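Labels below follow one simple rule: chain letters A, B, ... track the order of the sequence lines, proteins then strands, and each chain is numbered from 1. In this text the structure is predicted, and so the values were computed from the model without any measurement.
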There are 2 protein chains.
Amino acid sequence: MTDTDNNSLPERKRGSGVKMVYDILRDEILDLVLPPGSPIDEVQLAERFKLSRTPIREALVRLAGEGLIDTLPNRSTMVSNIDFLNLHTFFEALVLMYRVTTRLAAQNHRPEDLPSIRGFHEDYAAAVQARDALAMIATNAAFHAAIAEAGRNPYFTGLFRRLLDEGRRILRLYYQSYEEQFPQRFVDEHAEIIAAIEARDVEAADRLGKAHAEQIVEQVQKLFTRNNKLDIDL
Amino acid sequence: MTDTDNNSLPERKRGSGVKMVYDILRDEILDLVLPPGSPIDEVQLAERFKLSRTPIREALVRLAGEGLIDTLPNRSTMVSNIDFLNLHTFFEALVLMYRVTTRLAAQNHRPEDLPSIRGFHEDYAAAVQARDALAMIATNAAFHAAIAEAGRNPYFTGLFRRLLDEGRRILRLYYQSYEEQFPQRFVDEHAEIIAAIEARDVEAADRLGKAHAEQIVEQVQKLFTRNNKLDIDL
DNA sequence: TGTATTTTATTTGTCGACAAGAAAAATACA
DNA sequence: TGTATTTTTCTTGTCGACAAATAAAATACA
């Protein structure tokens, strides 16, 4: 577990302990600061956050409920692994949820939704421009989450957020392992999605959401099929 | 909060406290023994379960993560309300998930799945025969959950389970409020769904899943449109 | 030297206590 | 008598401690 002493602990209000720990750990898991499989030690976390173990444990229960960590009774907790053997289930759900949420946003959005969606789109474009992989991954997820919120179905939004989180971890792994790519194409696609939503073109939104998701799936699938050929001149 | 002293506490193994409390409270919420809006008092629960508050709190964190209870810092926790104003979002998600899970079961089921599915089907039929509303509601959910498991996509299964849980609460309310109905039609529909799954007829499964879900939605919608006309002979 | 057993150290699950924050009850005032 | 303020009670958030379970290290044995 990394020593990250850069998280200064603000003066805490009673009752905010659990949420603070949850938020920080969640971000660290999603950014792969805490990689899959890494152990979680309550005592060390208690020292790190300068809290007793009780709120640490409550934060961990929350994270476990979201599948981000795995716990068993009387055993060490650890950051949940990415189930590479069953990524096809993830892809299947992701594509359908991209379709559903984008479609519902076209149908149900309200005027107050669009500034937020556009804001995340701009953040995403800036991250691509700056070639900042972490920011790109996070703003992509935020952009699509805002679209899901505009669709106004909390059940789909909930599942989609979970998929986006898992997608963040997978993409982070991708960007750690391979040459970093910052395709302008995705920025353009986001713009097209926004236009379809604004126009309340439900079918276009669905189609664009599907195509976009399939591109992401394709990108991730490259992670597992890529042969690192040794380009050695003989 | 009802005094239910009928839950005898078995000799506990260390580490099983949280789960025991979680399981019991979850069942009570889903069966409307703990109705929506009812307060949750940690001290009383600690006395009831003969545990300290710490594992009670951990169980409550789990339940909160599943949306079954609502918590705010320094405030009383309560059983979450059913959002009647936005039931259309629930129906929307339910119908799609019935389709998806039934379809995937037709596609992906394995031989070992079918006995379990059939078992729950029989339990459901027995509950209908016995006119036992609680059992009927619970076995219906278990039947469809088993189908979702056979579909082998944990993301869809997760969302569907949550929807089935919420459906249990809604149906329990329905059966508490109105004349109880035990339609043989639903037993027959379950049998047709099983046949389609066995035959790996994906399109039939999808269609049957959809039709079945829409019937349930219709039944629940009757709860809110029904006029209790006074049938008085004048 | 490899394996089994025992001992030690560490981590987890729960306990009961303290205190902060909220709610309820009591008191004061117009 | 209604309202504002104060006091009391209750509930929640967290603390540090104890002990059970597990993991790691040490010892014994073939």
Side-chain angles (χ1 to χ4, degrees), chain A residues 1-3 7-26 28-29 34 37-66 68-81, chain B residues 1-3 7-26 28-29 34 37-80:
Chain A
M1 192 169 113
T2 62
D3 269 348
N7 52 321
S8 60
L9 301 177
E11 189 59 33
R12 272 199 315 102
K13 226 183 132 144
R14 177 185 155 95
S16 64
V18 177
K19 184 177 188 300
M20 176 197 69
V21 173
Y22 163 82
D23 286 342
I24 290 170
L25 291 183
R26 184 175 173 281
E28 289 185 357
I29 291 167
L34 286 177
S38 51
I40 302 271
D41 180 319
E42 295 172 7
V43 177
Q44 282 186 21
L45 287 178
E47 283 166 12
R48 173 180 163 195
F49 290 110
K50 298 185 164 60
L51 283 176
S52 84
R53 288 199 296 116
T54 306
I56 304 292
R57 287 179 60 81
E58 287 184 24
L60 295 180
V61 172
R62 269 186 83 181
L63 291 166
E66 296 181 15
L68 292 175
I69 61 172
D70 293 328
T71 66
L72 282 174
N74 291 311
R75 299 288 183 106
S76 264
T77 293
M78 67 178 175
V79 175
S80 64
N81 283 302
Chain B
M1 194 171 113
T2 62
D3 270 347
N7 51 322
S8 61
L9 302 177
E11 190 56 34
R12 275 199 312 106
K13 232 186 123 127
R14 178 185 155 95
S16 65
V18 177
K19 183 175 189 303
M20 177 197 69
V21 172
Y22 163 82
D23 287 340
I24 290 170
L25 290 183
R26 186 176 171 278
E28 290 185 359
I29 291 166
L34 285 177
S38 51
I40 303 273
D41 181 319
E42 296 171 11
V43 176
Q44 281 186 22
L45 287 178
E47 283 166 13
R48 174 182 164 193
F49 291 109
K50 299 185 164 56
L51 283 176
S52 84
R53 288 201 295 115
T54 307
I56 304 292
R57 288 182 59 81
E58 288 185 22
L60 295 180
V61 172
R62 270 185 80 181
L63 292 166
E66 296 180 17
L68 292 174
I69 61 172
D70 292 328
T71 66
L72 282 174
N74 290 312
R75 299 289 184 103
S76 262
T77 293
M78 68 178 174
V79 175
S80 64

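- Note that the CG atom of B:L34 and the CD1 atom of B:I69 stand 10.0 Å from one another [nearest 0.5 Å].
- Between A:T71 atom OG1 and A:I40 atom CD1 the span is 11.0 Å, to the nearest 0.5 Å.
- Pairing for C:dA30 is with D:dT1, a Watson-Crick or G-U wobble pair whose two hydrogen-bonding atom distances lie under 3.5 Å.
- Here the C1' atom of nucleotide D:dT11 and the CD1 atom of B:I56 are 14 Å apart, to the nearest Å.
- Shown here, D:dT22 forms a base pair with C:dA9; the pair counts as Watson-Crick or G-U wobble because both key distances fall under 3.5 Å.
- B:I40 has its CD1 atom 13 Å from the P atom of D:dT11, to the nearest Å.
- Projected onto DNA chain D by closest heavy-atom contact, A:S76 and B:S76 fall at different nucleotides, the more 5' of which corresponds to B:S76.
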Atom pairs under 3.5 Å: protein N/O with N/O of nucleotides 13-17 of chain C:
from   : atom 1 : to    : atom 2 : distance (Å)
C:dG13 : OP1    : A:N74 : N      : 2.7
C:dG13 : OP2    : A:R57 : NH1    : 2.6
C:dG13 : OP2    : A:R57 : NH2    : 2.8
C:dG13 : O4'    : B:R14 : NH2    : 3.2
C:dG13 : O3'    : B:G15 : N      : 3.2
C:dG13 : N7     : A:R53 : NH2    : 3.1
C:dG13 : O6     : A:R53 : NH2    : 2.5
C:dG13 : N3     : B:R14 : NH1    : 3.1
C:dT14 : OP1    : B:G17 : N      : 3.0
C:dC15 : OP1    : B:S52 : N      : 3.4
C:dC15 : OP2    : B:S52 : N      : 2.2
C:dC15 : OP2    : B:S52 : OG     : 2.7
C:dC15 : N4     : B:T54 : OG1    : 3.1

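- Atom CE in B:M20 sits 15.0 Å away from atom NZ in B:K13 (nearest 0.5 Å).
- Expressed to the nearest 0.5 Å, how far CD of B:E58 lies from OG1 of A:T54 amounts to 8.0 Å.
- To the nearest 0.5 angstrom, A:S76 atom OG is 12.0 Å from A:D70 atom CG.
- Note that the CD1 atom of B:I56 and the CD atom of B:E47 stand 10.5 Å from one another [nearest 0.5 Å].
- Between B:L45 atom CG and D:dT11 atom P the separation is 11 Å, expressed in whole Å.
- The nucleotide D:dT11 finds its pairing partner in C:dA20, both defining distances of the Watson-Crick or G-U wobble pair being shorter than 3.5 Å.
- One can place CD of A:E47 at 12 Å from P of C:dT10, the figure rounded to the nearest angstrom.
- Between the CG atom of B:D41 and the P atom of C:dA24 there is a distance of 12 Å, given to the nearest Å.
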